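Both backbone and side-chain heavy atoms feed into the values below; hydrogens, waters and symmetry mates do not. Predicted model only: the values in this text are computed from it and were never measured. The first residue in the sequence is number 1, and the count goes up from there.
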Amino acid sequence: MGKLNNGLFGGFSGRVGNLVGYILHGKPVVRVIGHSTKALTPARKANCEKMTVVNEFLRAHLNFIRTGFRLITAGTDRNFYNEAVSYNKKYALQGTYPNITMDYPKALVSMGSLLPAGKTEIFKHEHGIEFKWEVPADLLWEHRNDRAMLLIHFPEAKVSTAVMSGSRRHEGGEVVAIDPSLAGSRIEAYISFVNEDGTEISDSIHAGSLNLPEQKNQQIPEPEKREDQVLRQKPRPSQVSAPQKPIPQYKSIQWTSSQFKASATIYNYSIFSPPS
């Protein structure tokens, strides 16, 4: 049941039939609820799979996404989550339907104008995962105290671990504790920076991957053959046909012992005539 907020012409909240009214960023919004009975085309199937893959990735670290895209959507009608979905769906997917997956190095978990991280690496540590990032020799003083935002995503478990306000930029590294049971799982890590008063944030950088699955269908190189293992092949016969041997010729004749006696014995002879 919908509710009138400011009289008959003041908009409503809730559901009326197939209409839903609500407030978005301080503005009343009405949308239609419905569903299509048409069969999904290949393009729509691909779009559905893209949405599923991106949502599965982003929902694992919703708080990080909220902070990471909050500033880029501030003062607009856009939503932080929709902004994150829009970017990653367009730029961070790979493959074709029905085998669409995340392209993790291209994914963004924050977006902004602050100086991003430079060269970054991750390593296994006895207490978790260690991040190390390059500190430029000419780093401006205003960026020295930017705080690191660190994200560790476990695609197989569909969960994430995050540090929202970590070490300062000039310190060049930090160790993030993780669930020990996930230490052997695949890891995709990201790093962003936010300034001290939280008014600026950087684009995220893919910090690295760990425990990647072995590539399937690798071509196994053939073992080298030694000379004594090489099989000698018989020479193939010439394609030119060999001359045919002459065929012996035979002639048959008959001879009777008596030309005038019908009952005389008949003798058959075959005379061999050699070919010329």
Between E156 and R186, does any NZ, NE, NH1 or NH2 come within less than 4.0 Å of an OD or OE carboxylate oxygen?
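Answer for the salt bridge query: no.
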
May I ask you to say whether E196 pairs ionically with R168, meaning some side-chain N is under 4.0 Å from a carboxylate O?
yes

If only side-chain N and O atoms count, and only distance matters, is there a donor-acceptor pair under 3.5 Å linking [Y] with [X]?
X    : Y    : result
S86  : N82  : no
S209 : E188 : yes
S204 : S192 : no
N63  : R66  : yes
K124 : N211 : yes

With a 3.5 Å distance limit and no angle check, can you tell me whether [X] reaches the backbone of [Y] through a side-chain donor-acceptor pair?
X    : Y    : result
E174 : S167 : yes
N47  : A43  : no
T67  : F64  : no
N195 : L114 : no
S160 : K158 : no

Linked, directly or transitively: [X] and [Y] (ILVMFWY side chains, under 4.5 Å):
X    : Y    : result
W133 : I129 : yes
V175 : I187 : no
F193 : M149 : no
F123 : L151 : no
L62  : Y104 : yes

I'd like to know whether OH of Y91 has more than 12 heavy-atom contacts from other residues, nucleotides or ligands below 6.0 angstrom.
no

[atom1]/[X] to [atom2]/[Y] distance, rounded to the nearest 0.5 angstrom?
X    : Y    : atom1 : atom2 : value
R169 : L139 : CZ    : CG    : 6.5 Å
I191 : I122 : CD1   : CD1   : 11.0 Å
E130 : H125 : CD    : NE2   : 5.0 Å
K45  : I100 : NZ    : CD1   : 12.5 Å
N55  : K50  : CG    : NZ    : 14.0 Å
T96  : E49  : OG1   : CD    : 8.5 Å

Test of understanding: with side-chain contact (heavy atoms from CB on, under 4.5 Å), list the residues that count as partners of V176, not counting sequence neighbours.
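side-chain contact (heavy atoms from CB on, under 4.5 Å) list for V176, sorted by chain: F131, L150, I152, T161, V163.
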
Shortest non-hydrogen contact from [X] toward [Y]:
X    : Y    : result
E83  : R78  : OE2-NH1, 3.0 Å
M102 : L93  : SD-CD2, 3.7 Å
S202 : S110 : O-OG, 2.7 Å
I201 : G68  : CD1-CA, 3.8 Å
A84  : F69  : CB-CE1, 3.6 Å

Give the intermediate values and the outcome of side-chain contact (heavy atoms from CB on, under 4.5 Å) for residues T120 and E134.
CA-CA 6 Å; T120 308; E134 182 181 14; over 6 Å; no

Close aromatic pair by centroid cut-off 6.0 Å: F57 and H153
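Judged by ring-centre distance (under 6.0 Å), F57 and H153 do meet the cut-off.
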
Sub-4.5 Å side-chain heavy-atom contact between V85 and M51
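Yes, side chains in contact.
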
Counting C-beta onward and ignoring hydrogens, is there a side-chain heavy-atom pair between Y81 and R59 closer than 4.5 Å?
yes

